[in-house]
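Right, one structure below, let's go through it.
Remember, predicted model here, so these are calculated numbers, not experimental data. Chain identifiers are assigned alphabetically (A, B, ...) following the order of the sequence lines, protein sequences preceding nucleic acid strands; residue numbering begins at 1 within each chain.
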There are 2 protein chains.
Amino acid sequence: MTPPTPLHLSLAGQAVDVLREQVLTGEIPPGSRVNEVEVAQKLGISRGPLREAIRHLASEGLLTLVPHRGAFVPDASPEDVRALFELRTALECAAAELAASRRTDVDLVRLQEVCAESRRNYKAGQPFPYRLDLAFHRTLLDAARSPYISEQVQLVQQRVVLLRSALADDPPHQHASMDDHDELVRAIADGDAAKASEVMRRHLSRVCAQMLTSLTH
Amino acid sequence: MTPPTPLHLSLAGQAVDVLREQVLTGEIPPGSRVNEVEVAQKLGISRGPLREAIRHLASEGLLTLVPHRGAFVPDASPEDVRALFELRTALECAAAELAASRRTDVDLVRLQEVCAESRRNYKAGQPFPYRLDLAFHRTLLDAARSPYISEQVQLVQQRVVLLRSALADDPPHQHASMDDHDELVRAIADGDAAKASEVMRRHLSRVCAQMLTSLTH
DNA sequence: AACGTGTCAACTGTCGACAGTTGGCAGTTT
DNA sequence: AAACTGCCAACTGTCGACAGTTGACACGTT
């Protein structure tokens, strides 16, 4: 049975997890407002912890606060997407460089395994799931061994997820992404930091362009 | 003529400003704990808004939260400094590249003015104030015109300020920094993104090394 | 009909109080 | 003396209620 009070995670922490999920999945659609009393009742907690959770998500960029008006799920303009990808590119190119110069054999195996799984899924007729794309970028981050960069990339990727509309189902794009990933792994395997950075930049440039086109349709 | 935002900032917002100042100036020393009731009384507010302020500063990296124990001002290990500068380097090198490719004549004038003021101060026997260093990096950020990158750099610089111990008063270092800044401005003026990035990387590498030595003494 | 004004419900901002947890201290045991 | 045990004060986590602000609607005016 559940103890009178949750022992492991604070109510605010739980609320953060639940709300983040609802925002990222679109269950709370972009542009909509988060009503404090309503959501607090729905989660079975009071407004105090919920407010802290809302502030936390706002600091992650998943909500925007308007004084005396509340919290809103941001909907992105093309300009936002471009600016956000400039940040993502800066971070992930650096991560690719660091990964190329620091990677161990274990890192390489992991990266190759993720790429191989993507290929298997693709050849089996299944679409390249976004899950595997995230897994690849995360594995690369681990290989970079730069905790602050990793932390920031995760936050940026969350915001990208918030924006991605119909990115998932474009086969040519998926194929190109997998090729990029393979090339990236080769550069990292060679310890070629400059090339790793360049391939990452090209990859993200393509992804950004893809998002922009699928955003305007 | 009242702007859409009220003249009154929320108590939580005010608390954020006061606390940030106190943390950055060392008035609340690293390693110490922030007592909620005590600080709330001192600020003349209740614990609710103060808690939100504390959470906000924690999201900026100026405080670390320990469940059921409270908020602490973090004190940095050399490893932290290195990792933090990896993040700063990634962001500011990208900003330097963007600034080189996007800078206008107005941007150039502003950058040169900051450099000139630094020289004047220095030749007048005054030390190169940290204030002017911040101003230079901020002006460069404005020239990059990438809002998300700028935002993140500001946050990282705050954390660097939190760590800087006796960085200020080393004349050789100051001189080298001013030279770096001048060279950076030249690269930006030439629109040479690759060189701007490289100079920035070297500059931050030197600053990081300086901080590490002054940290262990 | 369009425009300005007064009123109001809904919601956020804030507060004081209660409940649960933590680390330390005194007392006891070996 | 060292280690274990039980208690306690201090603090954080949480809650319900009050106060101030906002946006909208209805009403009256031109």
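- Salt-bridge annotation for B:R201 and A:E97: present, with a side-chain N of the basic residue lying under 4.0 Å from a carboxylate O of the acidic one.
- The separation between A:L50 atom CG and D:dG13 atom P is 16 Å, rounded to whole Å.
- From A:R51, atom CZ reaches atom OG of A:S46 across 11.0 Å, with rounding to the nearest 0.5 Å.
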Restricting to nitrogen or oxygen on both sides, can you table the protein-nucleotides 7-11 of chain D pairs closer than 3.5 Å?
| unit_1 | atom_1 | unit_2 | atom_2 | d |
| --- | --- | --- | --- | --- |
| D:dC11 | OP1 | B:N35 | ND2 | 2.9 |
| D:dC11 | O5' | B:N35 | ND2 | 3.2 |
| D:dC11 | O3' | B:R33 | NH1 | 3.0 |

Show your working on salt bridge (Lys or Arg N to Asp or Glu O under 4.0 Å) between B:R159 and B:E60 and close with a plain yes or no.
CA-CA 8 Å; B:R159 293 212 245 185; B:E60 291 185 2; over 6 Å; no
- Check against salt bridge (Lys or Arg N to Asp or Glu O under 4.0 Å), B:D107 and B:R145: CA-CA 11 Å; B:D107 296 324; B:R145 290 173 222 294; 2.3 Å; yes
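- The distance from atom CG of B:L9 to atom C1' of C:dT14 is 14 Å, rounded to the nearest whole Å.
- Considering only residues two or more places apart in sequence or on other chains, B:H56 meets the ring-ring contact (aromatic ring centres under 6.0 Å, His included) condition with none of them.
- Between B:E113 and B:R120, at least one side-chain N (NZ, or NE/NH1/NH2) sits under 4.0 Å from a carboxylate O, which counts as a salt bridge.
- We find that CD1 of A:I54 is positioned 10 Å from C1' of C:dT12, with the value rounded to whole Å.
- Between B:F136 and B:H181, the ring planes are parallel. Angles under 30° get that label, and only those over 60° would be called perpendicular.
- If you take CG on A:D75 and OG on A:S32, they are separated by 9.5 Å, rounding to the nearest 0.5 Å.
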Under 3.5 Å, which protein N or O atoms sit close to an N or O of nucleotides 15-17 of chain C? Give each pair with its distance.
| unit_1 | atom_1 | unit_2 | atom_2 | d |
| --- | --- | --- | --- | --- |
| C:dC15 | OP2 | B:S46 | N | 2.9 |
| C:dC15 | OP2 | B:S46 | OG | 3.1 |

